[in-house]
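A quick write-up on the structure given underneath.
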Protein chains: 2
Amino acid sequence: MNDVARLAGVSIKTVSRVVNDEPGVHEQTARQVLAAIESLGFRRNMGARNLRQGVTTATVGLLLEDVSNPFYSGLTRGVEEVARQFGRRVLSASSDEDPVQARELALDFCARRVDGLLIVPAGREQGYLAAEIRAGTPVVFIDRPGGDVTADTVLMDNVGGTMMAVAHLAGHGHRRIGFLGDDPEIFTAAERLRGFRRGCARAGIERGAEFAAMGPHDEHSIGSALRAMFDRSVTALIGGNNRITIGLLRVLAGMPERPALIGFDDFELADLLDPPVTVIAHDAKALGHAAAGRLFARIQGDDSPHRDLVLPARLVPRGSGEVAP
Amino acid sequence: MNDVARLAGVSIKTVSRVVNDEPGVHEQTARQVLAAIESLGFRRNMGARNLRQGVTTATVGLLLEDVSNPFYSGLTRGVEEVARQFGRRVLSASSDEDPVQARELALDFCARRVDGLLIVPAGREQGYLAAEIRAGTPVVFIDRPGGDVTADTVLMDNVGGTMMAVAHLAGHGHRRIGFLGDDPEIFTAAERLRGFRRGCARAGIERGAEFAAMGPHDEHSIGSALRAMFDRSVTALIGGNNRITIGLLRVLAGMPERPALIGFDDFELADLLDPPVTVIAHDAKALGHAAAGRLFARIQGDDSPHRDLVLPARLVPRGSGEVAP
DNA sequence: GGCTACGATGACAACGTTGTCAGGGACACG
DNA sequence: CGTGTCCCTGACAACGTTGTCATCGTAGCC
């Protein structure tokens, strides 16, 4: 800016005025300044501007498990869209479900003075965020609650969705149902398991005819879980998330059994498989929209009490869940 | 920092020393400072630090078409991993293939003084980047060259991949092959079309027995392109990218014809479809690794001449591409 | 005792901006 | 001609850090 000022033969402040479209600059002067800016390729240093003006960095932090998982990339896209509407950029990072990394990344975001933080919590404790929240950084938890920290939260209806799946299978005559879920340390996995149990109870399925195998899962563990379930005459399966459902499909492709199947999380091509896969669907992008919406409301000063938003899940029947035992 | 200094009864400089683990602070003093930091929840302002220290913001900008497309989210993940190794965060944004937005986002990244820029160019002209590059911001183009701007570039072997697909189909006896590609304004689409033509020539397929329908495509346009091709007795198809291949599969599901099919871009579940889909595969994450690798080399001062890297594509035969006419 | 050496600390400037306020010239009016 | 007003412009401080250099006290040495 100094260089621009020198070249244009004006003071640095006048350059600032031109850059910011402030009124009260002679048109002739402004032209000279603009010419100087052009010829020097000057670009205002946002960092310095933020420092001077105080709070905003026009950036929000998004911390999730893994961008390359379609669920999270859809979510990211949703966040990005809302952020753009509010003139913000998104700083994103994947924690790989590792609490230590998550903590480190979140604190790094704070040190960068993001305007707000969207977090898919990894692990049970987010206590390290309490100080940041007190300091005024708005935080919204996505997909899982913050545990020991209270803040706005946007969740899926995990319990309701799984109950719906069980009811659907029971409605088609299944009485022995297996659930393959993720590590129950993960909130959504525990919730879906809860939904599974409750759904079974409500459908009048006797205890002992419901089988749950919780993860973490790879194809090998899915295979052994499946064999154990088939040994006990399970006729229908529920996949606890998109990874597991796809793993299930892959393993089942090499087995003779063709149980009914419902997956939690919709996924691309589910409708083109044979049979097409019935799923409990929810909208990752909508989740991003909702969470970012809350965050920007907070950023703009909304200080109403914390709100928990639960987005609905819906059953999409496609075939695999509508077969008789 | 001021507050911390006051509370600890030391000068602001001493706090700075403690925060930066500089030597020469009495242990007792350091403890007091740390206690003050803890109790005030102080976190160093990265923006101010960057301003003072000069260049780095420990951030790179990643500009792509759409994070929610699995190809790009895989790429993003690759970039993120390398960035983390180098202690950087990733600021990402989707341009939706709109040159105006792309320009705006890229310049915004520059104004934030990112350490480097990874760009999947949208549109033909990236001239606005020339000034930034001259000013010393390293830029790496991904997936498409920069057109009027020269910088490091990391590409896929689009021509070779498509030629491979044609050769594979010809090897199975196909003489009338259709190619459904994206908008030829897009570099990769044009390259793949070129590969298709060259592959046909090399396979001795007479001109007039190769049919290309370029996009942009939706299911409707794919449908009409397909009908036109079948009218001319096409027996094999190549899908020009993951979106188009999936569109093709969806449209074909409602038609009686079962042509041979090879898709450019691998996609999840391709192996579970019936028949499993043969694809030209490449590794999006590897692309991200390679591009970020180049970028950080530049950031660390590598000023060797610009380099163009072309990552190989490979044919993954799964069934759909191995059927006779 | 006077000297150096060293360890611990602080004062101050600077990074690139912008907000505040004051200065200076042109012009109109009494 | 003096005065007030308006428009344009610039000097200066400040944002939160860190680099440079100076200061101070104490210990060690001759």
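Basis for what follows: all heavy atoms, side chains included, without hydrogens, waters or symmetry-related copies. Just so we're on the same page: letters track the sequence lines, and every chain starts at 1.
In this structure, A:L51 places its CG atom 8 Å from C1' of D:dT17, rounding to the nearest Å. Taking atom CD of A:E22 as the reference point, atom P of D:dC7 lies 16 Å away to the nearest angstrom.
Among residues at least two apart or in separate chains, salt bridge (Lys or Arg N to Asp or Glu O under 4.0 Å) pairs with a member in residues 126-143 of chain B are A:R43-B:E132. Listed by first and then second residue, the ring pair (Phe, Tyr, Trp, His ring centres under 6.0 Å) pairs that reach into residues 62-107 of chain A are A:F71-A:H282, A:F86-A:F296, sequence neighbours excluded.
Partners of B:Q300 by side chain to side chain donor-acceptor pair (under 3.5 Å), not counting sequence neighbours: none found. For the side chain to side chain contact (heavy atoms under 4.5 Å, CB included) test, residues two or more places apart in sequence or in another chain that qualify with A:L7 are A:A36, A:S39, A:L40. Take B:Q32 and apply the side chain to side chain donor-acceptor pair (under 3.5 Å) test, not counting sequence neighbours, and it matches no residue. In this view, A:N69 and A:N242 satisfy the side chain to side chain donor-acceptor pair (under 3.5 Å) rule, not counting sequence neighbours. Residues passing the salt bridge (charged side-chain N to carboxylate O under 4.0 Å, His left out) test with B:R44, sequence neighbours excluded: none.
Within the structure, a side-chain polar atom (N or O) of B:R49 is placed less than 4.0 Å from OP1 or OP2 of D:dT18.
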Each nucleotide N or O in nucleotides 8-11 of chain C that has a protein N or O under 3.5 Å away: list the pair and distance.
unit_1 : atom_1 : unit_2 : atom_2 : d
C:dT9  : OP1    : B:T29  : OG1    : 2.5
C:dT9  : OP2    : B:H26  : N      : 2.8
C:dT9  : OP2    : B:T29  : OG1    : 3.4
C:dG10 : OP1    : B:S11  : N      : 3.2
C:dG10 : OP2    : B:S11  : N      : 2.7
C:dG10 : OP2    : B:S11  : OG     : 3.1
C:dG10 : OP2    : B:T14  : OG1    : 2.5
C:dG10 : N7     : B:R17  : NH2    : 2.6
C:dG10 : O6     : B:R17  : NH2    : 3.4

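Between the side chains of B:R112 and A:N50, no donor-acceptor pair of N or O atoms lies under 3.5 Å.
For the helix from C:dG1-D:dC30 to C:dG30-D:dC1, the terminal axes (five pairs an end, C1' atoms, rotation from four pairs onto the next four) enclose an angle of 70°, given to 10 degrees.
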